[in-house]
There are 2 protein chains.
Amino acid sequence: MLQEERQNIIINQINLHHKVLTTDLSKLLNVSLDTVRRDLHELEESGRIVKVHGGAVSKSFHIPFQQPKVYAREEKKEVAHKALSIFKDGMNVLMGGGTIMLELARIIPKNHKGTVFTVSPLVALEIAQRSNIRVILIGGEVSHDAYVCTGPTVISQLSELHVDIAFIGANGLSVKDGLTDHDWDVVQVKKALMKAADRTVVMCISEKMDISQKLVVNPLRAIEILITELSPTDKRMQKYAKTMKVL
Amino acid sequence: MLQEERQNIIINQINLHHKVLTTDLSKLLNVSLDTVRRDLHELEESGRIVKVHGGAVSKSFHIPFQQPKVYAREEKKEVAHKALSIFKDGMNVLMGGGTIMLELARIIPKNHKGTVFTVSPLVALEIAQRSNIRVILIGGEVSHDAYVCTGPTVISQLSELHVDIAFIGANGLSVKDGLTDHDWDVVQVKKALMKAADRTVVMCISEKMDISQKLVVNPLRAIEILITELSPTDKRMQKYAKTMKVL
DNA sequence: ATAAATAATGCACGAATCAGCAAAATAAAA
DNA sequence: TTTTATTTTGCTGATTCGTGCATTATTTAT
């Protein structure tokens, strides 16, 4: 068996399973462990795979080490600042939960006037420090992980609400599935949030783009504006820019 | 299973649930606790997660609780500890707002089971960290000074509620006027809180005793239990002990 | 304060890796 | 073809890595 042939098989296996064990390859290809190891080494040299102890993984599967920089905080702040440009005095605004929304809440000017509805106690507390903003917290069962109000109470209150614009965060956004999330309760709430608003602004860091979670909140067309830390001219944004405004 | 694979699963779990327990991961991944711990350690070293006692949480998810300087903190803690003795597993409890209530929330055991209703976002967030307690936040307009939900929404939701016991703080308590307060909105909420509960526990530090505020919440007879930092045998408590239980 | 749960540390064992070397296979030259 | 050079493969021993266990500390709950 040719070396090249072997290495192609290895690449195929990795594409298939995202990972591969050195011992398995040895058996599969009927060559010694050393040969496999050497193959893996070459494939890594040419940057096609990532070698790990015991085998190798595909490049996409391998999450590169993120340097000690604080996790995506700066990106989120960047997103928040962009969102602030749509945040006008006198608006009736609905805000979801999550860390991005909290960043947005933090940078809202102290003298801003308006009304903010939110399902997040954290956002509510932050904004309540601004004396010219009425803060209405939509109450319900507080989820233990996301610290957001969920449940039928929230849904029914939101169904009686109508605001200009809703800001919500995203855990998954893709052209195929639209806005997606992994927690059933949260999905229900997000649906209700979007329904209650004329326009929806989705805010997320680019890391969440082209990712689909288990549950669908709404298709792409339900979103009017998308904000990420990337420039609107960035290549990754183009496929979204077709159906919505991006900034 | 490759180490890389395992660590990816851990990251996924954390992204999904925002927090994971070491023991759960051990079972899920079929490896020893030591291995999980080492994985968590490495993931923390590379700055991808934050390790906490018992497991780990997502780095993007740490609550920036502002801890404002609390007046008479020690006395309030003392009151809170006494109140804890009435706080039994399985109870349906209603909690008001204020710093004393927050102290109580803080010392509720992590493994307490039960349901807590509250009008205070701060209390709700504190208690939501206990996974065995259902926390229902009664939503409404968040007051700018006390950070408590107020307004008609709160009143109407409370009118539909019935719980075993309500814990509320006091800004004024006297034999003549009973429980009094100075903020109209807060008074309405406190009335509704007491109406929704079979029994009312009033918690305050002694300096609020024998003081009357502008507005009356309820007369003394509406209160079942009074808790202060003073001993039940203290001279100042005697006149209250005639109509209610004191501790 | 005491008991229980969780974490850190050191050690041992097996598995995986690496480097160097020799045998085998392949390619190139005489 | 034979010879020589080059590449590829397999093997050996030393070393590193990953894991689990036992012990000791630390934290948390009662």
Side-chain angles (χ1 to χ4, degrees), chain A residues 1-11 13-14 17 19-46 49-57 62 65 144, chain B residues 1-11 13-14 19-46 48-57 62 77-78 80-91 103-114 126-133:
Chain A
M1 159 129 35
L2 290 172
Q3 192 182 36
E4 191 179 327
E5 189 181 349
R6 241 185 7 241
Q7 298 191 354
N8 279 332
I9 293 178
I10 293 178
I11 295 281
Q13 288 292 313
I14 288 186
H17 305 113
K19 66 149 187 176
V20 92
L21 303 185
T22 315
T23 52
D24 288 351
L25 286 177
S26 167
K27 273 181 270 178
L28 176 70
L29 303 168
N30 271 315
V31 290
S32 74
L33 285 172
D34 300 77
T35 305
V36 173
R37 221 171 270 123
R38 270 184 279 249
D39 282 337
L40 293 179
H41 183 74
E42 286 178 27
L43 289 171
E44 183 177 57
E45 288 280 293
S46 60
I49 65 172
V50 176
K51 207 148 63 83
V52 298
H53 194 94
V57 297
H62 174 79
F65 271 53
H144 290 106
Chain B
M1 159 124 48
L2 295 173
Q3 193 185 34
E4 167 105 9
E5 199 181 355
R6 238 186 9 240
Q7 298 190 355
N8 275 325
I9 294 177
I10 293 178
I11 296 275
Q13 289 292 315
I14 289 185
K19 69 179 167 200
V20 288
L21 303 183
T22 314
T23 51
D24 289 349
L25 287 175
S26 167
K27 273 180 270 178
L28 175 70
L29 303 167
N30 272 315
V31 291
S32 72
L33 286 172
D34 304 75
T35 303
V36 173
R37 257 183 227 114
R38 268 183 283 247
D39 281 337
L40 294 179
H41 182 75
E42 284 180 29
L43 290 171
E44 184 177 55
E45 288 279 296
S46 61
R48 302 207 258 177
I49 64 172
V50 175
K51 216 147 58 86
V52 297
H53 198 90
V57 300
H62 108 277
K77 274 187 178 171
E78 173 65 23
H81 273 99
K82 288 189 187 178
L84 204 54
S85 66
I86 334 184
F87 215 103
K88 301 280 198 308
D89 261 16
M91 264 185 175
E103 292 297 341
L104 174 55
R106 287 210 179 95
I107 60 171
I108 294 175
K110 298 285 178 199
N111 58 356
H112 182 95
K113 294 173 182 51
E126 178 61 38
I127 302 190
Q129 293 170 29
R130 288 145 188 82
S131 50
N132 295 319
I133 305 184

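Proteins get letters first, then strands, A, B, ... in listed order; numbering begins at 1 in each.
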Exercise for review: Report the residues that fulfil side-chain hydrogen bond (donor to acceptor under 3.5 Å, both in side chains) with A:Arg37, sequence neighbours left out, ordered by chain and then residue number.
Suggested key: none
Exercise for review: Calculate the interatomic distance between B:Leu40 atom CG and D:dT19 atom P; express it in whole Å.
Suggested key: 13 Å
Study note, to complete from the structure: Rounded to the nearest 0.5 Å, the CD atom of B:Gln7 sits from the CD atom of B:Gln3 at a distance of 4.5 Å
Exercise for review: Return each pair, listed once, that meets side-chain hydrogen bond (donor to acceptor under 3.5 Å, both in side chains) where at least one residue sits in residues 22-33 of chain A; pairs must be two or more places apart or across chains.
Suggested key: A:Ser32-A:Thr35
Revision key, fill the gap. B:Leu84 CG to D:dA29 P, in whole Å, measures 12 Å
Review point. Which whole-number value in Å describes the distance from B:Arg6 CZ to D:dG18 C1'?
Key: 8 Å
**Study point:** Qualifying residues under side-chain hydrogen bond (donor to acceptor under 3.5 Å, both in side chains), relative to B:Glu44, sequence neighbours excluded
**Key:** none
Check your understanding: Taking B:Ser85 for the side chain and B:His81 for the main chain, is one N or O donor matched with an acceptor at less than 3.5 Å?
Key -> no
Check your understanding: Is any side-chain nitrogen or oxygen of A:Thr35 closer than 4.0 Å to OP1 or OP2 of D:dG10?
Key -> yes
Review point. Quick one: A:Glu42 CD to D:dT7 C1', roughly how many Å, whole number?
Key: 11 Å
Review point. Side chain of B:His41, backbone of B:Lys51: donor and acceptor closer than 3.5 Å?
Key: no
Check your understanding: Does B:Glu5 have any side-chain hydrogen bond (donor to acceptor under 3.5 Å, both in side chains) partners at least two apart in sequence or in another chain, and if so, which?
Key -> A:Lys19
Exercise for review: To the nearest Å, give me how far apart CG (A:Leu29) and P (D:dG10) are.
Suggested key: 11 Å
Check your understanding: From B:Ile86 CD1 over to B:Met91 CE, what is the distance, rounded to the nearest 0.5 angstrom?
Key -> 7.5 Å
Check your understanding: Which whole-number value in Å describes the distance from A:Glu5 CD to D:dT9 P?
Key -> 11 Å
Exercise for review: Take atom CG of A:Leu2 and atom P of C:dA25, then tell me their distance rounded to the nearest Å.
Suggested key: 15 Å
Point to revise | Footprint string (nucleotides 4-19 of chain C, 5' to 3'): B base within contact, S backbone only, - free, heavy atoms under 4.0 Å | key: --SBSB------SBBB
Check your understanding: Can you check the B:Glu4 CD to D:dT19 C1' distance for me, whole Å?
Key -> 18 Å
Point to revise | Gap separating the CD atom of B:Glu42 from the CD1 atom of B:Ile49, nearest 0.5 angstrom | key: 10.5 Å
Study note, to complete from the structure: Rounded to 10°, the angle between the first-five-pair and last-five-pair axes of the helix from C:dA1-D:dT30 to C:dA30-D:dT1 is 30°
